[in-house]
Protein chains: 2
Amino acid sequence: MPANKAKRALQVAQAIVSDIQLNAREAGDRLPQEEDMLARYEVARATLREALRFLELQGVIQLQLGRGGGPVVSRPQTRDFASSLSLILQFMDTDLRALLELREAIAPDMAARAAVRATNADLAALDDCYAQLERDRETAAFEETNRRFHDLLGWASGNPTFGLLTSALHLLTRDLAVELGYSAQERANQLRCLARVLNAVRLRDADGARRHMERLVKGSSEYLAARSPELVSQKVRWGDPG
Amino acid sequence: MPANKAKRALQVAQAIVSDIQLNAREAGDRLPQEEDMLARYEVARATLREALRFLELQGVIQLQLGRGGGPVVSRPQTRDFASSLSLILQFMDTDLRALLELREAIAPDMAARAAVRATNADLAALDDCYAQLERDRETAAFEETNRRFHDLLGWASGNPTFGLLTSALHLLTRDLAVELGYSAQERANQLRCLARVLNAVRLRDADGARRHMERLVKGSSEYLAARSPELVSQKVRWGDPG
DNA sequence: ATCGATTAATGCTTATACGTTTTTATGGCT
DNA sequence: AGCCATAAAAACGTATAAGCATTAATCGAT
């Protein structure tokens, strides 16, 4: 197999990932130390280290220094995924407008799924976040809390892809749109919509959640496009994600 | 500082990307070889290799072996993005059902955008692909041509995120669903829907394209779920694409 | 002119030595 | 006995060099 023959380090990386899954390692668990892995995978130390550092970049493990240190299982975070996403989008000359369109596409369905699947814990977290959002309605923290609400809703949808994409989009847009906040009127408008979405979710009304969310994100996009055309034309750039 | 040192490879990777963009390197251009880069970025060999390996996985460069080889500028392809996506989704225990739900969410909007923005070249390609699909209606190539049609529609939407996600989802599902094809009846049904979508796109009827596409993907998901519940419960696994 | 063998350039892997960081143990001083 | 400082050990981190494997370019014979 020519495809498999190349890149021994990557093979080792995949083997380590398989091992993590097979042994059901949780985040925080310690993996065998380098010396044991050397014997296990029968490679040189430099090769093993390349595999480990590669996995570290991907967020699969963390490498702890010093005595008693070693590779520790981590969990790939949204940040790592967002980094990959922004890199490829940069090469495709993607602008903020495209990201907003994607959000328009997924947010309504996401809300509908959340209405069906949100757990009580999810609902409590959403309630808390909404209350916080009302307290932040006139502070600089509004945008951040707003993003957090959408993130929570994404993870409450019971579909990891929604939560992942929503969080990733927020990470990408945060760097671009940091200088521009919503007006007081727009904030009030968004709060109203969010309240309706939250209420629909609480009532397990999937259709209502979808409709109100659709209205919300569409309005948000139109607001940003009208307020600052050059902002939504900004190109995504791969920045230091962490 | 160990924390800063850990990100050194990413800094180098960013520097290389900046260099590519600043010098307007095209795909196929050769970058300086390892020895020169070592002097230029003043890092250890392992660090540089880590940066190169990272960029290789992201598809920014290709590492060619042998004489006249070295780092060559490439263009990030969907395959590379799909690899990152599958890695993180594996750790989130994502199953095929979640991927289908995501497709349900984005495909209708994607079709609507394509109806507005598709160029004549896009339309011609879609026509060709549809004709091919009718010829393939009773062969094993149907599924693949079907995927290609959706890919084309994604790129015709004028929004790279739609094309990217659609193609990535196809790469992820291809490995899982390879053993299960559509029935003749389901194929006929999908062909009918696709014809309606294509027609709406041709007429610049965004709403019609959205509705017909919604019907199509919803039907497809229901068909798969009914036909093979254990299939849609299969978990995404990293390591297939690449 | 073409095809095959040779050669050279390059990345890949291994091997070894030394440096750094953290924990642990020791030991002398109060 | 208790406590702080210093040394040792255990692990990862960095650096360098050498040989291996792979492939493109080159050369030569037919």
Side-chain angles (χ1 to χ4, degrees), chain A residues 1-17 19-20 25 27-74 242, chain B residues 1-13 15-17 19-20 25-74 80 239 242:
Chain A
M1 303 179 195
N4 238 350
K5 176 71 177 168
K7 321 301 181 195
R8 190 72 193 280
L10 280 183
Q11 285 182 343
V12 176
Q14 285 193 348
I16 294 174
V17 170
D19 176 73
I20 291 176
R25 313 259 195 189
D29 287 3
R30 291 182 45 189
L31 290 174
Q33 62 196 52
E34 283 193 4
E35 205 171 323
D36 297 334
M37 284 191 173
L38 288 181
R40 175 162 191 175
Y41 299 113
E42 294 181 332
V43 292
R45 189 151 170 247
T47 304
L48 175 64
R49 293 221 71 253
E50 190 172 337
L52 290 175
R53 295 184 66 173
F54 175 79
L55 290 177
E56 189 187 21
L57 272 189
Q58 302 294 330
V60 177
I61 63 172
Q62 270 183 313
L63 292 177
Q64 283 181 0
L65 193 58
R67 175 168 176 168
V72 174
V73 178
S74 182
Chain B
M1 291 182 202
N4 232 348
K5 205 77 171 187
K7 292 188 297 189
R8 187 67 176 279
L10 277 181
Q11 290 178 356
V12 175
I16 295 173
V17 170
D19 177 72
I20 291 175
R25 314 256 196 191
E26 298 285 325
D29 288 3
R30 289 183 44 190
L31 290 173
Q33 64 195 51
E34 276 196 0
E35 291 291 327
D36 298 335
M37 283 192 174
L38 285 180
R40 173 163 190 176
Y41 298 113
E42 292 179 334
V43 294
R45 192 185 183 93
T47 304
L48 176 64
R49 282 174 55 83
E50 189 179 343
L52 292 175
R53 206 31 85 64
F54 176 78
L55 290 177
E56 186 189 25
L57 187 94
Q58 303 295 331
V60 176
I61 62 173
Q62 262 182 313
L63 292 177
Q64 281 182 359
L65 202 54
R67 173 168 179 171
V72 175
V73 178
S74 181
D80 311 301

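In what follows, every chain begins at residue 1, and chains take the letters A, B, ... in the order their sequences are listed.
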- Can you tell me the distance, in whole Å, between the CD atom of B:Glu42 and the C1' atom of D:dT14? 16 Å

- With the threshold set at 4.0 Å, does a side-chain nitrogen-carboxylate oxygen contact exist between A:Glu34 and A:Arg49? yes

- Query: B:Leu38 CG to D:dT14 P: how many Å, rounded?
  - Reply: 14 Å

- Query: Are any of the side-chain heavy atoms of A:Asp19 and A:Arg40 separated by less than 4.5 Å?
  - Reply: yes

- Message: What contact category does B:Ala44 fall into here, base, sugar-phosphate, or nothing, at under 4.0 angstrom with non-hydrogen atoms?
- Response: sugar-phosphate

Give the table of side-chain donor-acceptor pairs shorter than 3.5 Å for residues 60-73 of chain A, with sequence neighbours excluded, one pair per line with atom names and distance.
none

- Once you round it to whole Å, what is the distance between C1' of D:dA15 and CG of B:Leu48? 14 Å

- Spacing of OH belonging to A:Tyr41 relative to CG belonging to A:Asp36, to within rounding of 0.5 Å: 10.5 Å

- Between B:Glu35 and B:Arg45, is there a side-chain N and carboxylate O pair less than 4.0 Å apart? yes

- Item | N or O in side chain of A:Thr47 less than 4.0 angstrom from C:dT14 OP1/OP2 | yes

- B:Gln62 CD - D:dT23 P separation (whole Å): 13 Å

Could you list, one pair per line, each protein nitrogen or oxygen that sits under 3.5 Å from a nitrogen or oxygen of nucleotides 9-12 of chain D, together with the distance?
| unit_1 | atom_1 | unit_2 | atom_2 | d |
| --- | --- | --- | --- | --- |
| D:dC12 | OP1 | A:Glu34 | N | 3.1 |

- For atom CG of A:Leu10 and atom C1' of C:dC12, their distance in whole Å: 12 Å

- Can you find a heavy atom in the side chain of B:Glu56 that is under 4.5 Å from one in the side chain of B:Asp80? no

- Check the distance between C:dT13's P and A:Glu50's CD and give it to me in whole angstrom. 7 Å

- Item | Nearest-angstrom distance from the residue atom CG of A:Leu52 to C1' of D:dT14 | 15 Å

